[in-house]
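The structure appears below as structure tokens.
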There are 2 protein chains.
Amino acid sequence: MINQNRFKEKVTIDDVARLAGVSKSTVSFVLNNRPSISASTRDRVREVIRKLNYQPNQIARSLSSRQTRSIGLVVKQIDNPYFTKIMRGVFEYFSGCGYTVLLGSSELQPDREKSSIEALLRQRVDGLILSPLQGPDADMSHLSLILQNQVPLVLLEKVANVAANVVDIRNEGAAFEAVSYLIGLGHRRIAYYSGPDYSMHNRERLTGYRRAMMEHGLPFPASGVRQAGVYLEDGYAAAKTQFSMAGERPTAVFCFNDLVAIGVMNALMELGIRIPEDVSVIGFDDIEFCGSVRVPLSSIRVPAYEMGKAAADLLMQQIGKTDFVLRQTVELEATLMPRASCARADGRPAGGSQKKKHTGPAGPRTAGGMT
Amino acid sequence: MINQNRFKEKVTIDDVARLAGVSKSTVSFVLNNRPSISASTRDRVREVIRKLNYQPNQIARSLSSRQTRSIGLVVKQIDNPYFTKIMRGVFEYFSGCGYTVLLGSSELQPDREKSSIEALLRQRVDGLILSPLQGPDADMSHLSLILQNQVPLVLLEKVANVAANVVDIRNEGAAFEAVSYLIGLGHRRIAYYSGPDYSMHNRERLTGYRRAMMEHGLPFPASGVRQAGVYLEDGYAAAKTQFSMAGERPTAVFCFNDLVAIGVMNALMELGIRIPEDVSVIGFDDIEFCGSVRVPLSSIRVPAYEMGKAAADLLMQQIGKTDFVLRQTVELEATLMPRASCARADGRPAGGSQKKKHTGPAGPRTAGGMT
DNA sequence: ATTATTTGCTAAACCGATATAGCAAGATAT
DNA sequence: ATATCTTGCTATATCGGTTTAGCAAATAAT
């Protein structure tokens with residue numbers, strides 16, 4: 001005897017078929033809206049489905065159809081506001097088209113990135129969105145793993161020598177813009193508080209910084225770049241060290257991201273160094289809190305939510321299409337948002353539109369352009 | 001002929017069995033570390049697995065074993081720092097024991113909560129962690145849906161009249177503590193900037209606020225509670241409205257969460273109202289940025305990361321155990337973190353340990369007690 | 001009227017694992 | 001030497017769907 005267990009078993013397609021007096025194929029056809037079913041049987045089957053509150057088993061579906069209707073999203077840090085926005089963009093897109101999002105995160109550790117990817121591939125996701133860790137010595141073996149698995153892939157960071165779909169921003173250009181802005185304010189000694197080595201974003205921002213210094217004929221001594229990190233504490237520690245030392249200090253600091261920048265500001269405040277009169281600070285990402293922080297923080301606006309949507313869209317274009325695999329790069333603009341944390345090198349306020357408004361009335365939280 | 005497609009098909013258990021010269025049952029036994037396999041065959045099979053780089057199909061596994069080794073996590077807002085910490089806690093726990101986390105979010109809309117849950121149930125998650133929306137008129141039908149589906153459940157908020165596992169904090173007590181603290185500083189006119197009606201957390205905090213006012217013999221007129229919301233913009237708008245009006249204003253504002261509190265601070269600054277001299281502000285959640293905001297924000301520290309871990313742990317205890325279903329409530333402490341945003345009602349600084357330090361050296365980011 | 005085509009449905013193979021029953025050979029007990 | 005138990009493995013049913021081939025009846029074409 002089947003289905004006579006102690007527990008009420010889940011309703012299956014067979015139950016529906018039996019009660020509707022049709023074959024399970026017919027039920028399957030109804031479920032998938034195939035045309036070759038008469039209106040009368042269709043309605044009858046639907047009625048039974050409703051009555052039994054039947055929910056198709058997606059696992060069984062996945063196994064036989066070879067499509068799981070799920071995708072994997074692997075970020076670097078789950079609780080970083082930048083990735084959080086991306087996650088929301090990706091989630092909203094896919095939940096809108098009946099797909100499930102499986103969460104992965106490397107938490108900045110390469111081995112965890114690998115195991116996250118492997119776990120998602122075992123779950124046979126239909127596609128993967130990945131923000132890859134990559135050092136100069138990068139072991140990109142798991143990337144080829146994905147590619148050889150025929151799983152559609154979209155990266156959230158360019159990877160050298162890998163032909164894949166990418167959604168990214170113009171890091172170098174944005175960094176160039178930020179540093180040029182500082183130079184335009186009269187700053188000469190500008191430090192870059194760098195992110196992790198294994199971040200391509202960091203390397204691109206560093207390049208933009210270097211290029212801006214070079215093109216304006218400014219020196220960038222080794223001390224110009226300080227290894228910070230990605231956390232608030234990292235920026236705090238780096239600034240505390242540099243600005244406690246004797247000697248020539250920078251008059252402006254360009255940071256890998258906003259968290260580092262905020263940490264820097266905290267450290268400077270503690271040391272009695274005024275922002276922006278003594279030191280100007282610029283962050284990156286333009287997270288929600290930039291306008292609310294001690295001194296409103298100048299930052300590079302990164303359309304993270306839109307990046308998530310764009311990556312999802314690009315991925316979706318590939319899912320199901322077996323033969324043609326795109327190799328597309330979508331680059332979104334990232335532009336400077338000047339705020340009160342920057343001033344002229346002599347301490348006078350920066351010109352331009354210094355708006356007093358910190359937070360406008362609740363407008364769209366996700367506006368932003370896309371190229 | 002099988003496996004002769006144009007595309008290199010994935011390696012299956014049959015391929016391994018054939019190459020190792022054993023039955024697929026044997027391979028399965030080896031995969032699952034069953035004892036009844038001799039060392040020699042075990043090693044031989046393992047060697048073949050390695051050579052073929054065989055990865056078991058988790059979908060097929062799930063179908064036949066009726067365990068997906070995945071769980072669903074449904075939050076209210078993906079990009080809210082509070083949920084973000086919870087997500088990290090949950091993710092770290094489950095990825096540590098080979099489980100996958102499927103992401104869901106209601107984005108504060110009941111219909112989306114329902115569809116998120118349904119999607120996860122279709123994917124046959126082994127368990128569910130849910131932060132439920134619930135109004136006074138709450139339709140908890142999807143909860144019974146989960147329960148009757150025999151899916152282990154852990155809630156991240158108490159739900160009236162529902163016997164389920166819950167990991168939560170002592171909202172009322174914490175709110176009571178915060179408001180009592182303000183009263184102790186001499187404040188009489190204290191406003192509560194409330195969150196959404198459908199949030200049990202909001203209702204509990206409101207109760208704590210009321211009780212504190214009552215027990216200290218203070219009136220709480222209808223105007224004492226202002227409908228704010230959950231976003232920074234909500235707090236901004238609410239404060240802008242209240243503090244632009246003529247008449248008696250509160251000297252202290254207790255907010256549903258930190259985002260609202262930060263919005264309030266922005267609005268007050270704009271109106272030329274000083275914090276904490278003119279108005280004291282307290283938030284809730286103690287998100288990372290509390291210490292970095294305009295005026296360091298007093299807040300209630302909520303161990304969100306630990307809540308995620310605790311919820312995961314509680315859920316894991318139930319997975320697999322068919323007969324015994326726990327009905328456990330874990331309540332974590334949430335305590336006040338006084339910072340510079342509060343002063344005595346007469347404007348003089350609050351006593352106690354006003355530390356100058358904004359951000360200590362990078363210590364453990366996730367410390368916190370658990371009861 | 002006969003054949004060809006379409007319509008609407010079913011039977012059965014299949015997806016890739018798990019899990020149970022059972023079988024043969026070797027080890028132990030009687 | 002025979003009966004009983006282990007040990008180590010295989011055959012096969014099963015999970016709950018999808019999908020293909022095919023069949024019967026209805027419709028259209030010749």
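Residue numbers begin at 1 in each chain, while the letters A, B, ... track the order of the sequences. Not measured: the values here are computed from a predicted model.
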Rounded interatomic separation in angstrom, taking [atom1] from [X] and [atom2] from [N]:
X	N	atom1	atom2	result
Asn57(A)	dG16(C)	CG	P	17 Å
Arg69(B)	dT18(C)	CZ	C1'	14 Å
Gln55(B)	dG16(C)	CD	P	15 Å
Asp14(B)	dG16(C)	CG	C1'	7 Å
Arg42(B)	dC9(D)	CZ	P	10 Å
Ile37(A)	dT6(C)	CD1	P	18 Å
Arg66(B)	dT20(C)	CZ	P	12 Å
Arg122(A)	dG16(C)	CZ	P	17 Å

Base, sugar-phosphate alone, or nothing: which one does [X] contact when heavy atoms must sit under 4.0 Å apart?
X	answer
Ser62(A)	nothing
Leu63(A)	base
Ser38(A)	sugar-phosphate

* Answer yes or no: is there a donor N or O on one side and an acceptor on the other, between the side chain of Asp79(A) and the main chain of Thr84(B), under 3.5 Å? =>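 Answer holds: no.
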* Asked: Would you say Arg44(A)'s side chain and Ala20(A)'s backbone share a donor-acceptor pair under 3.5 angstrom?
  -> yes
Please list, pair by pair, any protein nitrogen or oxygen found under 3.5 Å from a nitrogen or oxygen in nucleotides 18-25 of chain D.
unit_1  : atom_1 : unit_2   : atom_2 : d
dT18(D) : OP1    : Asn32(A) : ND2    : 3.2
dT18(D) : OP1    : Arg61(A) : NE     : 2.9
dT18(D) : OP2    : Ser28(A) : OG     : 2.4
dT18(D) : O4'    : Ser64(A) : OG     : 2.7
dT19(D) : OP2    : Arg34(A) : NH2    : 3.3
dT19(D) : O4     : Ser25(A) : OG     : 3.3

* Mind telling me whether Tyr99(B) and Phe94(B) have parallel, tilted or perpendicular rings, with 30° and 60° as the class edges? =>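 Ring orientation of Phe94(B) relative to Tyr99(B): tilted.
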* To do: Begin with the C-alpha distance, continue with both residues' side-chain angles, and end with the deciding distance and a verdict on side-chain contact (heavy atoms from CB on, under 4.5 Å) for Ile129(A) and Leu156(A).
  => CA-CA 7 Å; Ile129(A) 296 176; Leu156(A) 291 169; 3.7 Å; yes
* Determine, for Lys309(B) against Glu306(B), whether the closest basic-nitrogen to carboxylate-oxygen distance falls under 4.0 angstrom. => no
Using a cut-off of less than 4.0 Å, is there contact between a side-chain N or O of [X] and OP1 or OP2 of [N]?
X	N	answer
Ser23(B)	dT10(D)	yes
Thr41(B)	dC9(D)	yes
Tyr54(A)	dG17(D)	yes

* With sequence neighbours excluded, tell me which residues meet salt bridge (charged side-chain N to carboxylate O under 4.0 Å, His left out) with Glu107(B). => none
* Asked: Any luck finding a side-chain donor-acceptor pair between Asp313(A) and Tyr93(A) under 3.5 Å?
  -> yes
* Hey, which sits more toward the 5' end of DNA chain D by its nearest nucleotide, Gln58(A) or Arg44(B)? =>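 Going by which nucleotide is closer to the 5' end, it is Arg44(B).
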